[in-house]
Amino acid sequence: MGLKRLLLAAMAPVLVAGPVLANTCLRPDERQAADTWAMNSYLRVIGMQCKVDRARMIDAFQPHSRELSAAANVIQGYFRRAYGGAGQTRFDQYYTNISQDHAMDATRAGSYFCRDAEVILQQIRALPPGQLAKFSVNQNIIQPISAPDCGTGAVSAPRR
């Protein structure tokens, strides 16, 4: 009887973690939202590190406001799906980490960061809405989510 309980106790974390681990992959819309959100974070760091005036930042963000808002909803939904009740905490940690990663990137680049940031701001202003995720990937913007893609057979989460 003691051995059975010990084995059950040892297996409990695996039985509980299995479904959680299965839900941590990123669906295509979640991957796109994560890449869009990475660009959002990067732009905010540009604004702070390079002391870009508020009007210029609004000018860069404005054409993409719907895309950014939708990305925020999708990426927060990913964290709720993947981590359940801890989803908001995990999202907050992610947002803190990605902001710190981008700030460290700016520090490592030194004076080149703001010089390069000016070019990125110009490109963002000229970018058609709906293209932030692609632009983020093409610019190699840091994305700390290391979850695998769910694959082509993945379906979107049911609406609640």
Side-chain angles (χ1 to χ4, degrees), residues 20-84 86-160:
V20 172
L21 292 175
N23 287 329
T24 59
C25 65
L26 282 164
R27 296 173 178 144
D29 63 326
E30 293 166 338
R31 174 72 64 196
Q32 183 175 355
D35 291 335
T36 300
W37 201 247
M39 194 71 240
N40 175 62
S41 170
Y42 196 76
L43 287 171
R44 291 181 185 281
V45 170
I46 286 173
M48 289 185 293
Q49 295 286 333
C50 302
K51 300 187 181 10
V52 177
D53 68 73
R54 183 174 163 82
R56 286 187 58 225
M57 289 307 294
I58 290 172
D59 188 40
F61 275 98
Q62 190 61 38
H64 308 286
S65 60
R66 286 186 182 153
E67 183 179 1
L68 291 166
S69 178
N73 290 334
V74 171
I75 197 68
Q76 286 177 329
Y78 161 74
F79 280 97
R80 282 191 304 274
R81 177 179 65 80
Y83 301 104
Q88 185 61 48
T89 300
R90 293 287 213 132
F91 172 77
D92 293 343
Q93 290 169 342
Y94 160 74
Y95 191 58
T96 299
N97 290 341
I98 196 170
S99 298
Q100 289 174 343
D101 288 348
H102 291 150
M104 286 190 307
D105 191 41
T107 300
R108 280 190 298 269
S111 63
Y112 294 107
F113 180 79
C114 290
R115 182 199 68 191
D116 295 344
E118 184 58 40
V119 173
I120 288 175
L121 281 175
Q122 289 172 5
Q123 291 172 332
I124 291 287
R125 282 192 290 273
L127 195 67
Q131 297 298 309
L132 282 179
K134 183 178 178 182
F135 184 77
S136 179
V137 170
N138 289 340
Q139 294 296 316
N140 294 316
I141 301 301
I142 294 170
Q143 174 53 264
I145 293 181
S146 60
D149 289 336
C150 293
T152 56
V155 294
S156 295
R159 298 196 185 260
R160 293 182 186 160

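Note that this is a predicted model, so its numbers are computed, not measured.
Looking at residues two or more places apart in sequence or on another chain, you find no salt bridge (charged side-chain N to carboxylate O under 4.0 Å, His left out) involving Asp92. His64 is linked by a ring-ring contact (aromatic ring centres under 6.0 Å, His included) to nothing, counting only residues two or more places apart in sequence or in another chain. Partners of Arg44 by side chain to side chain donor-acceptor pair (under 3.5 Å), not counting sequence neighbours, listed by chain and number: Asn40. With sequence neighbours left out, Ala147 forms a side chain to side chain contact (heavy atoms under 4.5 Å, CB included) with Leu26, Tyr78, Ile145. Legend: residues meeting side chain to side chain donor-acceptor pair (under 3.5 Å) with Tyr94, ordered by chain and number and at least two apart, are Gln143. Remark: Phe61 pairs with no residue by the ring-ring contact (aromatic ring centres under 6.0 Å, His included) rule, at least two apart or across chains.
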What pairs of donor and acceptor atoms, side-chain ones from residues 123-137 against any protein atom, are under 3.5 angstrom apart with sequence neighbours left out?
from, atom 1, to, atom 2, distance (Å)
Ser136, OG, Asp35, O, 3.1

Let me have the donor-acceptor pairs involving side chains of residues 113-121, under 3.5 Å, with sequence neighbours excluded, atom names and distances please.
from, atom 1, to, atom 2, distance (Å)
Glu118, OE1, Arg56, NH2, 2.6
Glu118, OE2, Arg56, NH2, 2.7

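Applying the side chain to side chain donor-acceptor pair (under 3.5 Å) rule to pairs touching residues 97-113 yields Ser41-His102, sequence neighbours excluded.
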field: Phe79 and Gln76: CA distance, side-chain angles, deciding distance, side-chain contact (heavy atoms from CB on, under 4.5 Å) verdict
entry: CA-CA 5 Å; Phe79 280 97; Gln76 286 177 329; 5.8 Å; no
- prompt: Taking it one step at a time, do Met57 and Arg54 satisfy side-chain contact (heavy atoms from CB on, under 4.5 Å)?
  reply: CA-CA 5 Å; Met57 289 307 294; Arg54 183 174 163 82; 5.7 Å; no
message: Under the criterion side-chain contact (heavy atoms from CB on, under 4.5 Å), I'd like the reasoning laid out for Ser69 against Arg66: C-alpha separation, chi angles, the key distance, then a yes or no.
response: CA-CA 5 Å; Ser69 178; Arg66 286 186 182 153; 5.7 Å; no
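Ile98 and Ala38 get closest at one heavy-atom pair: CD1-CA, 3.5 Å. Residues Thr36 and Leu68 approach most closely at CG2-CD2, 3.9 Å, considering heavy atoms. Between Arg81 and Cys150, the shortest heavy-atom distance links the atoms NH2-SG, 4.4 Å.
In this structure, Glu30 CD and Arg27 CZ are separated by 5.0 Å, a value rounded to the nearest 0.5 Å. A distance of 11.0 Å separates CD of Gln32 from CD1 of Ile75, quoted to the nearest 0.5 Å.
Looking at heavy atoms from C-beta onward, Ser65 lies in side-chain contact with Gln62 at the 4.5 angstrom threshold.
Between Tyr95 and Trp37, the ring planes lie tilted relative to each other; the angle falls in the 30° to 60° range.
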